[in-house]
Structure formats: structure tokens, C-alpha cells
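Report on the following structure.
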Amino acid sequence: MFKHIMVPIDLAHIDVLEPALDVVADMAKHYDAKITYVGVTSNTPNSVARTPNEYEQKLDAFAQKRHGVHGQPVTAKVYGSTDPVANLDDILVNAIDEIGADLIIMATHLPKKLDAVMPAHGGKIATHTDASVFLVRPH
């Protein structure tokens with residue numbers, strides 16, 4: 001059913017992504033799907049990397065480490081942005097089309113009252129793409 005899974009990754013918060021990464025591994029093995037880990041970073045130095053190129057190297061190393069967990073083909077794709085927070089949703093929606101993903105698996109937070117004013121990324125992505133979106137809540 002699914003051939004290409006896209007997984008948005010924030011290298012600054014890997015610890016909260018573990019439940020979603022477990023689902024990615026299971027789904028990829030079940031459907032024999034390839035995985036693209038997608039990162040969005042600033043064009044200026046940040047807490048993870050000084051440049052988008054350095055961020056890409058770190059994301060690629062992360063992808064290769066995950067390949068060792070699930071054994072499915074992996075790639076890493078990094079998008080630079082002048083304002084990753086403001087542009088994240090649009091960049092991810094465009095990435096879905098660009099890489100041809102048919103399933104997006106992403107970590108999400110528990111619902112909060114603030115979501116009525118500022119919707120979560122997963123909800124916006126689900127309403128702006130034809131791909132299936134699987135949101136994984138923390139334990």
C-alpha cells in the first residue's frame with residue numbers, strides 16, 4: 001500500500017521522536033517501503049549545526065543509523081530556510097510532492113487549548129496533501 005515514507009526530523013529534539021521512529025521502522029518493514037528523513041534548518045548557525053551543509057551531514061548520519069535498525073532503504077533531505085518556524089508547514093508540504101512520498105509519519109504533541117489558535121503541523125500537512133499522514137503521540 002505504501003511505497004515511500006517521509007519522516008520530518010528535528011535533530012534538536014530526537015529524544016521525543018522515538019515513538020514515531022518505532023512506528024516508521026515497523027511500517028517500512030511491513031510495506032517494504034523506502035524512507036526519506038526530512039529536516040528543515042535555518043540558513044544561519046543554530047544549536048545543531050553551523051550551516052545547512054553540516055545539518056545535512058548530521059541528518060544523513062542519523063538516517064544511516066536508522067537504516068541499521070530497520071534495514072529499509074533510506075535517504076535524507078534538508079531544506080534551508082530564513083525562518084524555519086514560520087515556513088515549516090509549507091516546506092514539508094512541498095517536500096511531499098518533491099520526493100513523491102505517499103505516507104508521512106511524524107511525532108506530535110498531546111492536544112492543547114492553544115491548538116485552536118495555532119494548529120499543529122500534522123493537521124495542516126494533512127489538509128494540504130493527498131498523502132496519508134500518521135501522527136504519533138508521545139508515550
Side-chain angles (χ1 to χ4, degrees):
M1 180 170 186
F2 301 111
K3 296 186 181 339
H4 193 170
I5 301 170
M6 183 178 108
V7 185
I9 297 292
D10 182 350
L11 291 175
H13 301 285
I14 290 295
D15 53 326
V16 299
L17 301 178
E18 243 359 275
L21 294 173
D22 291 342
V23 172
V24 170
D26 288 345
M27 295 287 278
K29 284 189 265 187
H30 180 80
Y31 289 107
D32 194 27
K34 65 182 175 178
I35 303 166
T36 299
Y37 296 99
V38 173
V40 178
T41 189
S42 62
N43 294 328
T44 58
N46 58 52
S47 64
V48 175
R50 292 169 299 202
T51 65
N53 188 42
E54 183 182 348
Y55 192 94
E56 185 171 26
Q57 291 171 0
K58 289 182 177 188
L59 184 62
D60 189 53
F62 169 83
Q64 295 311 314
K65 182 178 175 185
R66 293 303 301 172
H67 170 72
V69 172
H70 50 66
Q72 294 304 113
V74 298
T75 56
K77 180 82 173 156
V78 172
Y79 294 89
S81 174
T82 54
D83 189 349
V85 174
N87 300 327
L88 182 65
D89 295 337
D90 292 334
I91 290 170
L92 292 177
V93 167
N94 290 334
I96 293 165
D97 291 334
E98 181 182 320
I99 68 171
D102 52 11
L103 174 62
I104 294 71
I105 299 177
M106 55 193 303
T108 189
H109 62 280
L110 294 172
K112 300 175 187 170
K113 291 181 180 179
L114 184 59
D115 292 339
V117 179
M118 296 177 57
H121 299 294
K124 183 169 182 193
I125 290 167
T127 61
H128 288 82
T129 182
D130 292 335
S132 295
V133 178
F134 190 142
L135 303 177
V136 181
R137 299 218 187 271
H139 295 299

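Residue numbers run from 1 in the order of the sequence given.
Residue pairs meeting the ring pair (Phe, Tyr, Trp, His ring centres under 6.0 Å) criterion with at least one partner in residues 60-99, sequence neighbours excluded, are Tyr37-Phe62. Applying the ring pair (Phe, Tyr, Trp, His ring centres under 6.0 Å) test to residues at least two apart or on different chains, the pairs with a partner in residues 1-35 are Phe2-Tyr31.
Looking at heavy atoms from C-beta onward, Val40 lies out of side-chain contact with Asn87 at the 4.5 angstrom threshold. Side-chain contact between Ile35 and Arg66 is absent, with no heavy-atom pair separated by less than 4.5 Å. Considering only heavy atoms from C-beta on, Thr41 comes within 4.5 Å of Val78 through its side chain. In this structure the side chain of Leu103 reaches within 4.5 angstrom of the side chain of Met27, judged on heavy atoms. Residues Val38 and Leu92 meet the side-chain proximity criterion, which asks for heavy atoms closer than 4.5 Å. Between Lys34 and Thr75 there is no side-chain heavy-atom pair separated by less than 4.5 Å. Side chains of Thr36 and Val74 form no contact here, defined as non-hydrogen atoms less than 4.5 Å apart. Looking at heavy atoms from C-beta onward, Ile96 lies out of side-chain contact with His128 at the 4.5 angstrom threshold.
Between Pro19 and Val16, the shortest heavy-atom distance links the atoms CD-O, 3.7 Å. The nearest pair of heavy atoms linking Ala107 to Ala20 is N-CB, 3.8 Å. When all heavy atoms are compared, the tightest approach of Ala76 to Ala63 is CB-CB, 4.2 Å. The minimum heavy-atom distance linking Ser47 with Ala12 is given by the pair OG-CB, 4.2 Å.
Val69 and Val24 are assigned to two separate hydrophobic clusters, defined by single-linkage of ILVMFWY side chains at heavy-atom distances under 4.5 Å.
Heavy-atom neighbours of Lys29 NZ from other residues, nucleotides or ligands within 6.0 Å: above the threshold of 12. For CG of Asp130, the number of neighbouring non-hydrogen atoms (other residues, nucleotides, ligands) closer than 6.0 Å is 12 at most.
Side chains of Asp102 and Ser132: a donor-acceptor N/O pair is absent below 3.5 angstrom, by distance only. No donor-acceptor contact under 3.5 angstrom links the side chains of Thr82 and Asn43, judged on distance only.
Between the side chain of Gln72 and the backbone N or O of Ala33, at least one donor-acceptor pair lies under 3.5 Å. Remark: the backbone N or O of Asp90 is paired with a side-chain donor or acceptor of Asn94 at under 3.5 angstrom.
Ion pairing between Lys77 and Glu98 holds under the 4.0 Å rule for side-chain N and carboxylate O.
Tested against Ile105 for a side-chain contact (heavy atoms from CB on, under 4.5 Å), the candidates Leu21, Ile5, Leu135 yield a single pass: Ile5.
Between the CD1 atom in Ile125 and the OG1 atom in Thr108 there is a gap of 10.0 Å [rounded to 0.5 Å]. Separating the CG atom in Asn53 from the NZ atom in Lys58 is a distance of 12.0 Å, to the nearest 0.5 Å. Taken from OG1 in Thr129 to CG in Asp89, the straight-line distance is 12.5 Å, to the nearest 0.5 Å. Between the CD atom of Gln57 and the OG1 atom of Thr51 there is a distance of 7.0 Å, given to the nearest 0.5 Å.
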Evaluate the side chain to side chain contact (heavy atoms under 4.5 Å, CB included) criterion for residues Leu17 and Ile14: first the C-alpha distance (whole Å), next the side-chain angles of each, then the deciding distance (0.1 Å), finally the verdict.
CA-CA 5 Å; Leu17 301 178; Ile14 290 295; 4.0 Å; yes
